[in-house]
Amino acid sequence: MLSKIITYIIALVWLVNGLYCKVLNQVPRHQEIVSRILGEEYGSFFTVAIGAAEIAMSIWIFSRIKARLNAITQIVIISSMNILEYFLVPDLLLWGKYNSLFAFLFIVLIYVNEFHLRKQEN
């Protein structure tokens with residue numbers, strides 16, 4: 001049961017970041033980050049595209065299809081995104097370079113949930 005609750009929380013993080021923060025542009029800082037990294041002229045388009053991909057990730061998480069591949073994909077995406085942001089736009093991050101700490105904790109949560117808690121519940 002704990003694994004299922006954590007899975008829903010993880011999926012909700014992706015959904016909120018994708019839909020609310022990026023697609024609906026309720027947190028303009030997200031578009032500023034994308035614009036600074038990928039260019040002003042493409043910022044809006046890529047922010048919505050990334051948001052749509054995050055929404056798709058939440059659906060994939062909820063589906064539990066190829067859950068281990070999904071967890072690995074999440075870990076790679078979060079790691080890559082945070083390395084880029086750490087070096088390219090630390091001034092735009094909510095907690096500056098400390099964002100990487102929260103990203104690392106989220107990665108640990110994903111890993112433990114999929115590769116330890118879920119195995120124990122099966």
Side-chain angles (χ1 to χ4, degrees):
M1 185 66 175
L2 177 60
S3 177
K4 191 174 279 192
I5 292 168
I6 293 171
T7 299
Y8 290 146
I9 291 169
I10 292 167
L12 189 59
V13 168
W14 285 98
L15 181 62
V16 168
N17 273 286
L19 180 62
Y20 182 79
C21 297
K22 292 181 182 77
V23 172
L24 299 176
N25 197 28
Q26 295 300 305
V27 183
R29 180 174 37 78
H30 288 257
Q31 186 169 326
E32 290 177 48
I33 292 167
V34 173
S35 294
R36 177 108 49 99
I37 294 172
L38 299 176
E40 288 292 327
E41 62 188 275
Y42 305 109
S44 180
F45 171 79
F46 280 117
T47 301
V48 172
I50 292 166
E54 290 177 338
I55 293 166
M57 178 65 78
S58 71
I59 293 167
W60 186 13
I61 295 166
F62 279 124
S63 77
R64 302 299 300 155
I65 296 170
K66 298 199 181 266
R68 288 192 169 203
L69 175 61
N70 177 275
I72 291 167
T73 302
Q74 289 180 72
I75 290 167
V76 169
I77 289 170
I78 294 166
S79 299
S80 302
M81 176 187 68
N82 278 275
I83 289 168
L84 284 171
E85 292 172 345
Y86 183 90
F87 290 107
L88 299 177
V89 292
D91 57 305
L92 293 178
L93 301 176
L94 186 58
W95 298 292
K97 290 189 173 187
Y98 289 107
N99 257 44
S100 58
L101 172 64
F102 293 100
F104 175 73
L105 294 173
F106 192 54
I107 287 169
V108 169
L109 179 67
I110 292 165
Y111 178 81
V112 168
N113 186 54
E114 185 57 40
F115 294 95
H116 295 287
L117 293 179
R118 191 158 177 264
K119 189 188 306 185
Q120 290 174 359
E121 290 181 2
N122 288 334

Any [X] side-chain heavy atom under 4.5 Å of [Y] side chain:
X: Ile10; Y: Phe62; value: no
X: Thr73; Y: Trp60; value: yes
X: Gln31; Y: Ser44; value: yes
X: Gln74; Y: Met57; value: yes
X: Trp14; Y: Ile77; value: yes
X: Ile72; Y: Glu114; value: no
X: Met81; Y: Glu85; value: yes
X: Glu54; Y: Leu15; value: no

Can you tell me if Ser3 and Asn113 form a side-chain donor-acceptor pair at under 3.5 Å?
yes

Atom [atom1] of [X] and atom [atom2] of [Y]: how far apart are they, to the nearest 0.5 Å?
X: Leu19; Y: Asn25; atom1: CG; atom2: CG; answer: 11.5 Å
X: Ile65; Y: Asn70; atom1: CD1; atom2: CG; answer: 10.0 Å
X: Leu101; Y: Phe106; atom1: CG; atom2: CZ; answer: 14.0 Å
X: Lys4; Y: Met1; atom1: NZ; atom2: CE; answer: 7.0 Å

Do Asp91 and Arg36 pass the salt bridge (charged side-chain N to carboxylate O under 4.0 Å, His left out) test, and can you show the C-alpha distance, the side-chain angles, and the key distance before you say yes or no?
CA-CA 11 Å; Asp91 57 305; Arg36 177 108 49 99; 2.9 Å; yes

Show, in sequence, the C-alpha distance, side-chain angles and deciding distance for Val27 and Lys22, and conclude whether the side-chain contact (heavy atoms from CB on, under 4.5 Å) test is met.
CA-CA 7 Å; Val27 183; Lys22 292 181 182 77; over 6 Å; no

Do you know which two heavy atoms are closest between [X] and [Y], and how far apart they sit?
X: Ala67; Y: Arg64; value: CB-NH2, 3.4 Å
X: Gly43; Y: Ser35; value: CA-OG, 3.2 Å
X: Val23; Y: Ala52; value: CG2-N, 3.9 Å

Over 60° means perpendicular and under 30° means parallel, so tell me whether His116 and Tyr111 are parallel, tilted or perpendicular.
perpendicular

Do [X] and [Y] belong to the same hydrophobic cluster, where Ile, Leu, Val, Met, Phe, Trp and Tyr are linked whenever their side-chain heavy atoms lie under 4.5 Å apart, directly or via other members?
X: Val112; Y: Ile61; result: yes
X: Ile33; Y: Phe102; result: no
X: Leu88; Y: Leu38; result: yes
X: Ile78; Y: Ile83; result: no
X: Leu12; Y: Tyr8; result: no

Above 12 or not: heavy atoms from other molecules or residues under 6.0 Å from CZ of Phe45?
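For Phe45, atom CZ is not crowded (no more than 12 foreign heavy atoms under 6.0 Å).
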
With a 3.5 Å distance limit and no angle check, can you tell me whether Asn99 reaches the backbone of Trp95 through a side-chain donor-acceptor pair?
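Confirmed, Asn99 side chain pairs with Trp95 backbone.
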
